[in-house]
Amino acid sequence: LSLMFQGAEVHQLTAGTLVNEMSRHMSSRSSDSSFKSRLFLYSTHDTMLSAFLSGLAIFNDLQPPYASAVLVELLSNSKKEYFVRILYRNVTDNSSELYDLTPSLPSCHGLSLCPLSVFTEIASLLKLDDWQSACQLGSSHAEKTSSLRVFKIIAGVFGGVLFLFILIIIFVCAK
């Protein structure tokens, strides 16, 4: 799985949107006392879970087993300083064992709680500003699609003419 999620652009395309949305919600919660939401829940498949962990550079290159879970928590202390903690549950039995991945975040330098500002910085590196160019969705894409459509029409007409020609030959030879 590690080969699927290599490179900054791949991380931006696969994990960037989710990581940035989480970061945005956490920043809103920490700076706006009127922000009411206390829980955001996301559900996904193992490949997206792998992409998410890979984007944060904490993926262990093993496919997450069925019923795995990643918990990303926003915590605060009495000084109103905000921190992020990332926990991983990768077992399918009734165990509630969670592995703390926070110290593995490269920018958090082994800390058990990562400052929100650092997590926001990590998220900003995964932000994709120009989806059209990253996905090659510009005028060149429209031109390629248009050319492909014309090619399909020509191929369809040619195929139909060829089919009729073969029917005529069969009909003439049968007499």
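- Atom NE2 of H45 and atom OG of S50 lie 12.5 Å apart (nearest 0.5 Å).
- In the hydrophobic cluster analysis, where Ile, Leu, Val, Met, Phe, Trp and Tyr join through side-chain heavy atoms closer than 4.5 angstrom, I58 is grouped apart from L71.
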Stepwise side chain to side chain contact (heavy atoms under 4.5 Å, CB included) test for I86 and V70: CA-CA 7 Å; I86 300 175; V70 173; 3.9 Å; yes
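- In this structure the side chain of F83 never reaches within 4.5 angstrom of the side chain of T102, judged on heavy atoms.
- No continuous path of ILVMFWY side-chain contacts below 4.5 Å connects L75 to M26, so the two sit in separate hydrophobic clusters.
- Looking at R85, its side chain never comes within 3.5 Å of a backbone N or O of C114 through a donor-acceptor pair.
- Not one N or O on the side chain of D46 forms a donor-acceptor pair closer than 3.5 Å with the backbone of Q63.
- Heavy-atom contacts from other residues, nucleotides or ligands closer than 6.0 Å to CD of E121 number 12 or fewer.
- Going from atom NZ of K80 over to atom OG of S33 covers 9.0 Å, rounded to the nearest 0.5 Å.
- Distance check: K127 NZ to R24 CZ gives 8.0 Å after rounding to the nearest 0.5 Å.
- Using modelled atom types, one side-chain atom of T120 and one backbone atom of L116 make a donor-acceptor pair closer than 3.5 Å.
- Under the 4.5 Å side-chain heavy-atom criterion for Ile, Leu, Val, Met, Phe, Trp and Tyr, V72 and Y42 are members of the same hydrophobic cluster.
- Side-chain contact check for L87 versus L101: every heavy-atom pair is 4.5 Å or farther apart.
- Residues L56 and I122 have side chains in contact (heavy-atom distance under 4.5 Å, counting atoms from C-beta outward).
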Trace of the side chain to side chain contact (heavy atoms under 4.5 Å, CB included) decision for M22 with L18: CA-CA 6 Å; M22 288 179 175; L18 179 60; 4.0 Å; yes
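- Placement of F119 and L113 in two distinct hydrophobic clusters is found when ILVMFWY residues are connected by side-chain heavy-atom separations under 4.5 Å, directly or transitively.
- Under a 3.5 Å cut-off, the side chain of H109 and the backbone N or O of S107 do form a donor-acceptor pair.
- Side-chain atoms of S30 never come within 3.5 Å of backbone atoms of Y82 as a donor-acceptor pair (strictly under, hydrogens ignored).
- Across all non-hydrogen atoms, the minimal contact from D100 to S112 is OD2-O, 3.8 Å.
- No single ILVMFWY cluster, assembled from side-chain heavy atoms under 4.5 Å apart, contains both L98 and L49.
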CA sep, side-chain torsions, deciding dist, call: S68, Y88, side chain to side chain contact (heavy atoms under 4.5 Å, CB included): CA-CA 8 Å; S68 297; Y88 182 49; 4.0 Å; yes
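- Shown here for R38 and R29, the closest heavy-atom pair between the two residues is NH1-NH2, 3.1 Å.
- Remark: H25 NE2 to N20 CG distance equals 11.0 Å, nearest 0.5 Å.
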